[in-house]
Amino acid sequence: MSFNEYNPSSIEKKWQGIWEADKAFEASADHSKLKFFGLIEFPYPSGNGLHVGHPRSNTALDIICRKRRMEGYNVLFPMGWDAFGLPTENFAIKNQIHPAIVTKQNVDHFRDQLKMLGFSFDWSREVNTTDPNYYRWTQWIFLQLFKAGLAYKSSMPINWCTSCKVGLANEEVVNGKCERCGGEVVRQVKSQWMLKITDYADKLIEGLDSVNFIEKVKIQQRNWIGKSTGAEVDFTICAPANGENPAVESKVTIYTTRPDTLFGATYMVLSPEHKLVEQLALYITNNDQVLAYKAEAARKSDFERTEMAKDKTGVELKGIYAVNPVDGRQIPVWISDYVLASYGTGAIMAVPAHDTRDYEFAKTFGIDIIEVVAGGDISKEAFTDIQEGTMINSGFLNGKTVAEAKESIIAWLEEKGIGHAKVNFKLRDWVFSRQRYWGEPIPLVYCEHCGWVPVPEDQLPLELPAIEQFVQTDDGESPLTRCTDWVNTTCPHCGQPAKRETDTMPQWAGSSWYYIRYADPHNNTALADWDEMNYWLPVDWYNGGMEHTTLHLLYSRFWHKFLYDQGVVPTAEPYAKRTAHGMILGENGEKMSKSRGNVVNPDDTVAEIGADAFRTYEMFMGAFDQPIPWSTQGARGCRKFLDRVWKLQEKMTAEEEVSAALKSKVHGLIKKVSDDYEKMKFNTAIAAMMAFINEAYTLGSVSRGDMRALLQLLNPVAPHMTEEIWEANNLGAQPIYKTAWPTYDEAAIAEAEVEIAVQILGKIKARIMVPSGLDAAGTEEFAKNHDAVKELLDGKTIVKVIAVPGRLINFIVR
RNA sequence: GCCGCCUUGGUGGAAUUGGCAGACACAAGGGACUUAAAAUCCCUCGGUGUAACAACCGUACCGGUUCAAGUCCGGUAGGCGGCACCA
């Protein structure tokens, strides 16, 4: 019998055709079967096409899903397109093409590339966020948020990208620059739609306890939400500062996490934007200075503010003072931009002895430092330890620990009615407006009489009007404002003339719920049928990039939890399990980018070594969760491995069963590969298969049974060539993907003999073969009677023996 | 500054979680086949050392626990990621 050369391109096309014709990977409607919903982040179809990073995540979950199907699960492994967004719109502006056309071209290209790689996606459930039948439900969800009071319009200062001319969420600002274009971000007051994600802060933290996310993701989400417990305390502010009876008294509430240090508060700081600064302007004797400082602070971008974090600046509000409520002491009031208007109450009590920032500030401006927790050396630095230390100089708190003092002072404040325990979060509400064309229109109408009125649900989708000019207006408004035919409408409530909202939703909108749509992608009456959601949700395994931890992953958890509270979805969490892949770097070890010229194109690699070898290398190159540089040579090595698998056909005997010579190896391999796939240790699974192949070549032959096991195990990684070998040699009536995942017999794994190390005083002196299955006593007995060991122990007195069955024996001698 | 992770041959990485460090590859060197090259196959491949063994050293560095440490504990240095004046 002679064999053809391994020719990936024809084999891969052939099997992709068969899978498509057979609808091999479509999820079944049979809800009686156990389900498995595997998900990878659907890509943004950029004009550059797929890069080698995409297939890392895709192949990993493709392996898991192919294995699950063979294990008998009803598997849903869908794919779609997160297609709204800026790059497409910018490309459209530059080239005078409608973004919808660009999107279609890009999607077609991406789809071809993904199909080329042989992923077992259920293409019948493909979704596209720019499809009106899809974004109809994105709009519908927004309306539910609006009706529930979680969407509001606000003219708070927002992050404004000077280059994209678009408002950004906090999450989209990286080092003071726009996450997308790298442009300068400044604070600008704009009227924007906001979503109250802060209402879900606690639920988003608590929910983490119920899901199986990698720890890193949980930690990052918790830090981002930034829950802190402390107290709000009312201080009285008096003016003028001279005279026995102040003309004005007003109340300022401060937030602190250290109410225990109240006796150490020697001054107060307001953020420059604090409203009291304006209200008391009349009494502030150095108001010119104050106004100048405010103007300077406002001019600084957030980035500049952070850059200057080390040097504390500020201005004392002369002419007024605050009263420390705990002892009636008069303390000065300052404004400084180290106090943020957007966190807590925008005002703090400053305790320089026990807060590093306050300490720096006090040192700079020569303000009193009063130690109230003993244990540090406040002449050198602030003492901020809360575990150690005893209260001093603190009246009724003296002698208590920090924790005890906290409790007492809060009780005292509550009794006096001037303070209470308070929880704060770093998480900010989500800026949901974009002054852009290529996004979902926000389905609201503004009516002079009725205010903001939702577009009636039966009128959804509210489609994007066809326009020709996609650039923003000169004052940074959405291009939709030019489309007066569309903007001018009637109020759905009172019927009078009204205007549509021209802002669109951010890219995160469509991706916040797409996994739900996969359960029932063609539904025209609901975002998905309840029974379908009830069967498929939650997503059993979601793999993606760490960069989405505080963006997409948090946003979609928020939407899901809201929908759950509304009774729209059946589960409290969207994703049962979350894993993350490491980034693939260029061959020079740097991040792949066009400007660095180190981008590897999957098309070229697949043309050279085939999709199966490409997939194998993506999984073999290193630990799945670590960043790894690409190596063209390494990829070729994986092709060599598949060549050797291919040529193993020539070494196949007529024996149908697993061969006696390889029996323990085959069973061991089944166990190893099965376990490793589940742990995403694809590199060691493939290494084990390579070792098995090497063993088979050394032996000179394999049985048909040996080959079956190997091909089944390798199939999820290299699905095309394994099917081809299987079919060409009639190894089964069914293709591999319809066979059951191989099982192993634990007893069969054991070899007759195993090599163990013999140590004397912990140093390896010899290696001996011992019968397998011996316990510690048996191993010791056997070893002591072994000639080589006898020789080693000759003339020595054994003090102690440690035997680890199957591994080693250690003689402690004198 | 805070939180988290990491550091093993020339390179990517293994090591059943405390039990034979360097699996499996890549690169390199040598050999076979070939007129030659490619492909393929075989051998060598942490360091010192030896004719070859032996022996000794070796998982960033210093110290500790243990019969036994890449793995656990304490400290130091370097790198990566996230947050960053959040009171």
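The figures that follow rest on heavy atoms only: side chains count, while hydrogens, waters and symmetry mates do not. Naming convention: chains lettered A, B, ... in sequence-line order (proteins, then strands); numbering from 1 in each chain. Since this is a predicted model, take the numbers as computed values, not measurements.
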Angle class for the A:Y343/A:Y255 ring planes (parallel below 30°, perpendicular above 60°, tilted otherwise)? perpendicular
Would you call the rings of A:H552 and A:H548 parallel, tilted or perpendicular if under 30° counts as parallel and over 60° as perpendicular?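 Perpendicular: the ring planes of A:H552 and A:H548 meet at over 60°.
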Hey, does [Y] have a side-chain heavy atom less than 4.5 Å from the side chain of [X]?
X: A:S394; Y: A:V372; result: yes
X: A:Y293; Y: A:I335; result: yes
X: A:L713; Y: A:F692; result: no

What contact category does [X] fall into here, base, sugar-phosphate, or nothing, at under 4.0 angstrom with non-hydrogen atoms?
X: A:A623; value: sugar-phosphate
X: A:G344; value: nothing
X: A:I219; value: sugar-phosphate
X: A:N694; value: sugar-phosphate
X: A:R636; value: nothing
X: A:Q626; value: nothing
X: A:S342; value: nothing
X: A:F811; value: nothing
X: A:K681; value: sugar-phosphate
X: A:I812; value: sugar-phosphate

For the side chain of A:R639 and the backbone of A:A613, is there at least one donor-acceptor N/O pair under 3.5 Å apart? no
I'd like to know if A:D429 and A:K196 make a salt bridge, using a cut-off of under 4.0 Å between side-chain N and carboxylate O.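 Salt bridge absent between A:D429 and A:K196.
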Under a 4.0 Å N-O cut-off, is there an ion pair linking A:D202 with A:K227?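 Salt bridge between A:D202 and A:K227, a charged N being under 4.0 Å from a carboxylate O: yes.
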Syn or anti for B:G13, with syn set at within 90° of 0? anti
Syn/anti state for B:U17 [syn: chi within 90° of 0]: syn
Nearest-angstrom distance from the residue atom [atom1] of [X] to [atom2] of [N]:
X: A:E608; N: B:A38; atom1: CD; atom2: C1'; answer: 14 Å
X: A:K800; N: B:U66; atom1: NZ; atom2: P; answer: 11 Å
X: A:E215; N: B:C3; atom1: CD; atom2: P; answer: 16 Å
X: A:D676; N: B:C24; atom1: CG; atom2: C1'; answer: 12 Å
X: A:M546; N: B:C6; atom1: CE; atom2: P; answer: 13 Å
X: A:L642; N: B:C24; atom1: CG; atom2: C1'; answer: 14 Å
X: A:D625; N: B:C80; atom1: CG; atom2: C1'; answer: 13 Å
X: A:M583; N: B:C6; atom1: CE; atom2: P; answer: 17 Å

Kindly point out which of [options] is positioned nearest to the side chain of [X]?
X: A:L340; options: B:A87, B:C3, B:G19; value: B:A87
X: A:K647; options: B:G19, B:U40, B:C26; value: B:U40
X: A:T684; options: B:A15, B:A87, B:A27; value: B:A15
X: A:N223; options: B:G19, B:C3, B:A25; value: B:C3
X: A:D337; options: B:C85, B:A14, B:G12; value: B:C85

Go nucleotide by nucleotide along RNA chain B from the 5' end; which of A:G806 and A:A687 gets its closest nucleotide reached first?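 The residue mapped nearer the 5' terminus is A:G806.
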If you assign each of A:I756 and A:Y255 to its closest nucleotide in RNA chain B, which residue comes earlier from the 5' end? A:I756
For [N], does either OP1 or OP2 sit under 4.0 Å from a side-chain N or O belonging to [X]?
X: A:S336; N: B:C85; answer: no
X: A:R644; N: B:C41; answer: yes
X: A:N683; N: B:A14; answer: yes
X: A:Y343; N: B:A87; answer: yes
X: A:Q220; N: B:G82; answer: no
X: A:K591; N: B:G81; answer: no
X: A:K640; N: B:A39; answer: no

If we take the [atom1] atom in both [N] and [M], what is their distance in whole Å?
N: B:C57; M: B:G9; atom1: C1'; value: 15 Å
N: B:G79; M: B:A68; atom1: C1'; value: 31 Å
N: B:A28; M: B:C33; atom1: P; value: 22 Å
N: B:G12; M: B:G1; atom1: P; value: 29 Å
N: B:A55; M: B:G49; atom1: C1'; value: 8 Å
N: B:A27; M: B:G82; atom1: C1'; value: 35 Å
N: B:C6; M: B:G70; atom1: C1'; value: 13 Å
N: B:G58; M: B:U8; atom1: C1'; value: 10 Å

By ring pair (Phe, Tyr, Trp, His ring centres under 6.0 Å), A:F641 pairs with (sequence neighbours left out) none
Ignoring hydrogens and angles, does a donor from either the side chain of A:K312 or the base of B:C85 sit under 3.5 Å from an acceptor on the other? yes
Under the 3.5 Å Watson-Crick or G-U criterion, the dot-bracket string of RNA chain B, with | for inter-strand pairs: (((((((..(((......[....))).(((((.......))))).(((......)))..(((((..]....))))))))))))....
Sorted by chain and number, sequence neighbours left out, salt bridge (Lys or Arg N to Asp or Glu O under 4.0 Å) with A:E678 holds for A:K67, A:R68
Looking at A:F361, is A:K312 sitting on its ring face, NZ or CZ under 6.0 Å from the six-membered ring centre and within 45 degrees of the normal? no
